[in-house]
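Structure, as structure tokens:
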Amino acid sequence: MNAPAHGRIASFAVSGNELTVGGIPLTRLAARVGRTPFYAYERASLDTRVAALRASLPQQISLHYAIKANPMPALVCHMARLVDGLDVASGQELRVALDSGMDPAEISFAGPGKTPQELAQAVAAGILVNCESMREIELLAQIAGETGLSPRIALRVNPDFELKSSGMKMGGGPKQFGIDAESIPQALARLRELRLACEGFHIFSGSQNLRPQAIVEAQQKAYALAMRLAEQGAVDIRVLNLGGGFGIPYFPGEQPLDLAPIGENLATLVERARQDMPRAELVVELGRFLVGEAGIYVCRVIDRKVSRGQVYLVTDGGLHHHLSASGNFGQVIRKNYPAAIGTRMQSEQHEQVSVVGPLCTPLDLLADRMDLPAASEGDLVVIFQSGAYGASASPQGFLSHPTVLEVLV
Ligand SMILES: *Cc1c(COP(=O)(O)O)cnc(C)c1O
């Protein structure tokens, strides 16, 4: 295939002038969906990604999918057949995870501020709760008393280290996530008083990391921290969730994550765990890495305008559907996501264009002065790397335009 106009990205095949998804040319897919804009996620890409990851990691590592990256029910069902467990972050995500058919024993629930209702749901479902505060421990004890059910509890630890060079840091220093490592002994003592068991620890320290060495270091430190905490508190670790943070390349100059050193390190940890914590399941939980590259966002050119020499493709899609591509979801300096004109994949005639949406704000920018095939009204613009943190991470109500559709192909 020809590389898309911008970047090396995309496993999506090209047929004639059109990008295809699951073998279906884009205009046909758009007709089948019924209207634009939409997200399309490709089953084959999800399969390939998980298979490649499995090939790089030791077989003893359990692979969990963190569904907040993409909670579309059909996609979660597909992923449930590929991975060993699901991680949820709300009561609604828990319902979706249970609907997928995943064994509740392999579902875990992390996130600060869990409500009493969410905790009661979790206990009724028999899933593992990663407790983020002393309050959650007390509430789980109360629910156990009221229902006679045994809550399944692990402690989420706010570690005393950071995941270096991470897009978003979620551990180290003061954080709303987890229980500070130095307070874990106290939490374990309280669990003991309440006659509640602790199954292990969850140590998730960051997201979107492309440096294998940083991930290796974080996993080593997480392992050492869990060992120390287990020894101090006489915990027989059954589950050790080492987090994730595996990133995907979005911008020029970024390279796909090299999995080899991560796999080697995990093999070492698996070997050590055989001695140190023989009953422990070692888990990595990933969102973006599993689904991010398997999805595209598709919108249609409504208008082509030239303003003082600069070409604007005004589309029916924008930041209300795809906040991340507009640069307003965690980016410090705005950069373009890889994009293409999905209906002119072979076109030789290029021009510099800005792709914008219909919202009345200059933030509504999907591509800023990018070199793309010359397009006109009716053409389909494609934004790659859109399978994670897309629809559900965007302010769809903003300006009251139609909501985005999602299909799994
Ligand atoms: C967000 C989150 C994930 C997924 O992070 P990715 O960067 O998408 O892999 C995993 N675990 C927890 C606890 C999270 O909050």
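When a ligand or atom number is given, it counts from 1 through the structure's own listing order. This is a predicted model, so every value here is computed, not measured.
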(Q) Could you check whether any side-chain heavy atom of Phe289 comes within less than 4.5 Å of a side-chain heavy atom of Ile248, counting everything from C-beta outward? (A)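 Phe289 reaches Ile248 side chain to side chain.
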Q: Report yes if some heavy atom in the side chain of Val129 is under 4.5 Å from a heavy atom in the side chain of Leu140; otherwise report no.
A: yes
Q.
Does the structure place the NZ or CZ of Lys114 under 6.0 Å from the centre of the six-membered ring of Phe109, at an angle of no more than 45° from the ring's axis?
A. yes
Q. Under 4.0 Å from ligand 1, counting heavy atoms only, is it the side chain of Phe177, its backbone, both or neither?
A. neither
Q. When you look for heavy atoms under 4.0 Å from ligand 1, do you find them on the side chain of Ala66, its backbone, both, or neither?
A. side chain
Q. Going by heavy atoms, is Phe204 under 4.0 Å from ligand 1?
A. yes
Per-atom contacts of ligand 1 with [X], taking only distances under 4.0 Å to non-hydrogen atoms:
{"X": "Ser207", "result": "6 (P), 7 (O)"}
{"X": "Tyr389", "result": "1 (C), 4 (C), 5 (O), 6 (P), 8 (O)"}
{"X": "Leu286", "result": "9 (O)"}

Q. Does the Gln219 side chain pair with the main chain of Asn265, one donor and one acceptor, at a distance under 3.5 Å?
A. no
Answer yes or no: does an N/O atom from [X] fall short of 3.5 Å to an N/O atom of ligand 1?
{"X": "Phe246", "result": "no"}
{"X": "Arg288", "result": "yes"}
{"X": "Arg156", "result": "no"}

Q. Residues two or more places apart in sequence or in another chain: which of them pass side chain to side chain contact (heavy atoms under 4.5 Å, CB included) with Pro402?
A. Arg35
Give every donor-acceptor pair under 3.5 Å between a side-chain atom in residues 223-235 and any protein atom, sequence neighbours left out.
from	atom 1	to	atom 2	distance (Å)
Tyr223	OH	Ala273	N	3.2
Tyr223	OH	Asp276	OD2	2.7
Arg228	NH2	Asp160	OD2	3.1

Q: Determine, stepwise, if the pair Glu285 / His202 fulfils side-chain hydrogen bond (donor to acceptor under 3.5 Å, both in side chains).
A: CA-CA 10 Å; Glu285 58 174 7; His202 175 227; 2.6 Å; yes
